[in-house]
There are 2 protein chains.
Amino acid sequence: MLRHADIWSAIDKVARDHNFTLSGLAKRAGLDPSAFNRSKRIGPDGRLRFPSLESLARIFDTTGTNPLDFLAQAGVVPSAGGIGARKKLPSLSISDAQLRDAFDNAGKPTGAAWDELAFPDLFDDDAYALIVNGDSLEPLYRDGNVLIVSPHAPARRGDRVILRSIVGRLVAREFVRRLPRHVEVLPLVGDNTIETMDAGGVAFVHRIVWASQ
Amino acid sequence: MLRHADIWSAIDKVARDHNFTLSGLAKRAGLDPSAFNRSKRIGPDGRLRFPSLESLARIFDTTGTNPLDFLAQAGVVPSAGGIGARKKLPSLSISDAQLRDAFDNAGKPTGAAWDELAFPDLFDDDAYALIVNGDSLEPLYRDGNVLIVSPHAPARRGDRVILRSIVGRLVAREFVRRLPRHVEVLPLVGDNTIETMDAGGVAFVHRIVWASQ
DNA sequence: GAAAAAATAGGAAAATATTCCTATTTAAAA
DNA sequence: TTTTAAATAGGAATATTTTCCTATTTTTTC
């Protein structure tokens, strides 16, 4: 769980990230310049040397490194339900959730039928949120609803997407397909006829992945 | 950041959580029974003693405690953007996002107008997910859409909710109000007339907070 | 390229954490 | 309630980490 080599290489990384040499980092932390020498990490008898908690604390305080992030860098992975773990929710289809014993008397999911679903499972570092204004997208989206947009999620037929024109206009549509010269979409509300947009006029097509209610 | 007293009290908690005394935990971890004695945490000169990383590693290995959770228990809080931190997304209204410089050339949010929004900000430990079957809730929810349901989120007029009858039937509706003998709701699609349900026949009203798209 | 400074290696000494051991206190068992 | 076992306190001895110091290597400065 805490592996000698990983602890030391995490220290190496802290030094690098802050543009210190090892002796520079030690000095900055108020320790002796030889404190983190690579040559002193394994003793002459082969015994592994670990830095003390006090030395580590000095590193964290000096560099502003969070001990949690340090441990993650040292290869420690979150435990299910623990800090940094992906949130998991009980999950079941509506039809199966109508079975007699899907909920207990307090209204909580119960029984073996429920699966686990990671929420929100959003891995796109470039995701952003758009807040709906007005009522033009009702009943689908109402004023104030938050749309979570994932630029890197591929847009496939039927997906709801945000399109931005090259002059900056944003519209929400249902993606149909992309052709060499056009992008075909359907409106989300109202008239259900295909709309053809000039591919050159579309700056991007980003997929909507979640909508607040 | 790593505070002496917090480290030791986190060790105390690991022992308690696993039904060990301190000496029992030490023995189990292959250490001397006096290793974690409260009497030895501050020396006679007032100097604070920290457990070594090796002793901690033995505790983690023996009890299955994740070092990240241990640190959290010892009061270490996540750093913004670091492990365990709440995910924050750039956020802007659709109308403001149509300003000329809201996105850069790569289609990423840019500029001072963008706020930060914590997503999903779901704090209800009893939240669960329901998967939509069929097309009866279109255009709002389509087959396979995931609805995130938060039982403890209060249902207010206009909120979309899941209602469960006492015989187990689940329906999705728009909440209007709760009266002493009735619950008034609106259908999410179709005929826009108020539906009155007998309060005694409704097991629960749980709010839908997010819907996948 | 030479000189100075910084970084690193390595060994001894010092400081700190753990173990060993004894005694006392507390909890569990009879 | 008494006896036994476990837990804890406390001091000395031992083990481990850090510091001190010197030497070598590497990098930076001129």
Side-chain angles (χ1 to χ4, degrees), chain A residues 1-63 65 67 70-71 73-74 76, chain B residues 1-63 65 67 70-71 73-74 76:
Chain A
M1 222 175 277
L2 287 183
R3 284 182 299 260
H4 175 261
D6 294 338
I7 296 280
W8 284 109
S9 60
I11 290 175
D12 293 335
K13 183 149 196 301
V14 173
R16 275 197 313 271
D17 287 350
H18 293 81
N19 292 301
F20 289 125
T21 57
L22 286 172
S23 61
L25 174 64
K27 277 189 287 192
R28 194 55 171 274
L31 301 166
D32 187 77
S34 62
F36 306 133
N37 283 7
R38 288 194 172 84
S39 58
K40 289 178 179 290
R41 296 177 180 180
I42 303 184
D45 52 350
R47 166 133 192 133
L48 308 182
R49 175 171 82 95
F50 286 86
S52 69
L53 260 189
E54 204 164 359
S55 298
L56 286 178
R58 281 171 175 269
I59 291 176
F60 302 147
D61 288 340
T62 294
T63 58
T65 301
F70 180 86
L71 285 184
Q73 176 62 42
V76 181
Chain B
M1 221 175 279
L2 285 186
R3 283 182 301 258
H4 176 262
D6 293 338
I7 297 280
W8 283 111
S9 59
I11 291 176
D12 293 336
K13 183 148 197 303
V14 172
R16 277 197 313 271
D17 287 348
H18 293 82
N19 291 303
F20 288 124
T21 56
L22 288 171
S23 61
L25 174 63
K27 279 189 283 190
R28 195 53 172 276
L31 300 166
D32 188 76
S34 60
F36 307 132
N37 283 9
R38 287 194 174 85
S39 59
K40 286 176 179 293
R41 297 177 179 180
I42 303 184
D45 54 348
R47 171 140 184 125
L48 309 181
R49 175 171 80 96
F50 287 85
S52 67
L53 260 190
E54 204 164 357
S55 298
L56 286 178
R58 282 171 172 269
I59 292 177
F60 301 146
D61 288 341
T62 293
T63 59
T65 300
F70 180 84
L71 284 184
Q73 176 62 42
V76 181

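Computed from a predicted structure; not experimentally measured.
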Donor-acceptor pair, side chain of A:S34 and main chain of A:N37, under 3.5 angstrom
no
Backbone N or O of A:I59 within a donor-acceptor pair of the A:T62 side chain at under 3.5 Å?
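Not a single qualifying donor-acceptor pair exists.
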Taking atom [atom2] of [N] as reference, at what distance in whole Å does atom [atom1] of [X] sit?
{"X": "A:L31", "N": "D:dC20", "atom1": "CG", "atom2": "P", "answer": "10 Å"}
{"X": "B:F36", "N": "D:dG10", "atom1": "CZ", "atom2": "P", "answer": "19 Å"}
{"X": "B:I11", "N": "D:dA7", "atom1": "CD1", "atom2": "P", "answer": "17 Å"}
{"X": "A:W8", "N": "D:dT17", "atom1": "CH2", "atom2": "P", "answer": "9 Å"}
{"X": "A:L56", "N": "D:dT16", "atom1": "CG", "atom2": "C1'", "answer": "15 Å"}
{"X": "B:D32", "N": "D:dG11", "atom1": "CG", "atom2": "C1'", "answer": "13 Å"}
{"X": "A:R58", "N": "D:dT19", "atom1": "CZ", "atom2": "P", "answer": "7 Å"}
{"X": "B:I42", "N": "C:dA17", "atom1": "CD1", "atom2": "C1'", "answer": "15 Å"}

What's the closest nucleotide to the side chain of [X] if the choices are [options]?
{"X": "B:L22", "options": "D:dT17, D:dT8, D:dT19", "value": "D:dT8"}
{"X": "A:S34", "options": "D:dT8, D:dC20, D:dA9", "value": "D:dC20"}
{"X": "B:S52", "options": "D:dT8, C:dA17, D:dC21", "value": "C:dA17"}

Below the 4.0 Å mark, does [N] have OP1 or OP2 next to a side-chain nitrogen or oxygen of [X]?
{"X": "B:R38", "N": "D:dA9", "value": "no"}
{"X": "A:K27", "N": "C:dA7", "value": "yes"}
{"X": "B:S23", "N": "D:dT8", "value": "yes"}

Is it true that atom CZ of B:R41 has more than 12 heavy atoms of other residues, nucleotides or ligands lying nearer than 6.0 Å?
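Yes.
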DNA chain D: 5'-proximal contact among A:K40 and A:R47 (nearest heavy atom)
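Residue closer to the 5' terminus by nearest nucleotide: A:R47.
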Where each residue is assigned the nucleotide of DNA chain D containing its nearest heavy atom, which of A:S55 and B:T21 is assigned the position nearer the 5′ end?
B:T21
Would you call the rings of B:H18 and B:F20 parallel, tilted or perpendicular if under 30° counts as parallel and over 60° as perpendicular?
parallel
Any base atoms under 4.0 Å from A:P51, or only sugar-phosphate, or nothing? Heavy atoms, all strands.
sugar-phosphate
Passes side chain to side chain contact (heavy atoms under 4.5 Å, CB included), A:T63 versus A:R28? Steps please.
CA-CA 9 Å; A:T63 58; A:R28 194 55 171 274; over 6 Å; no
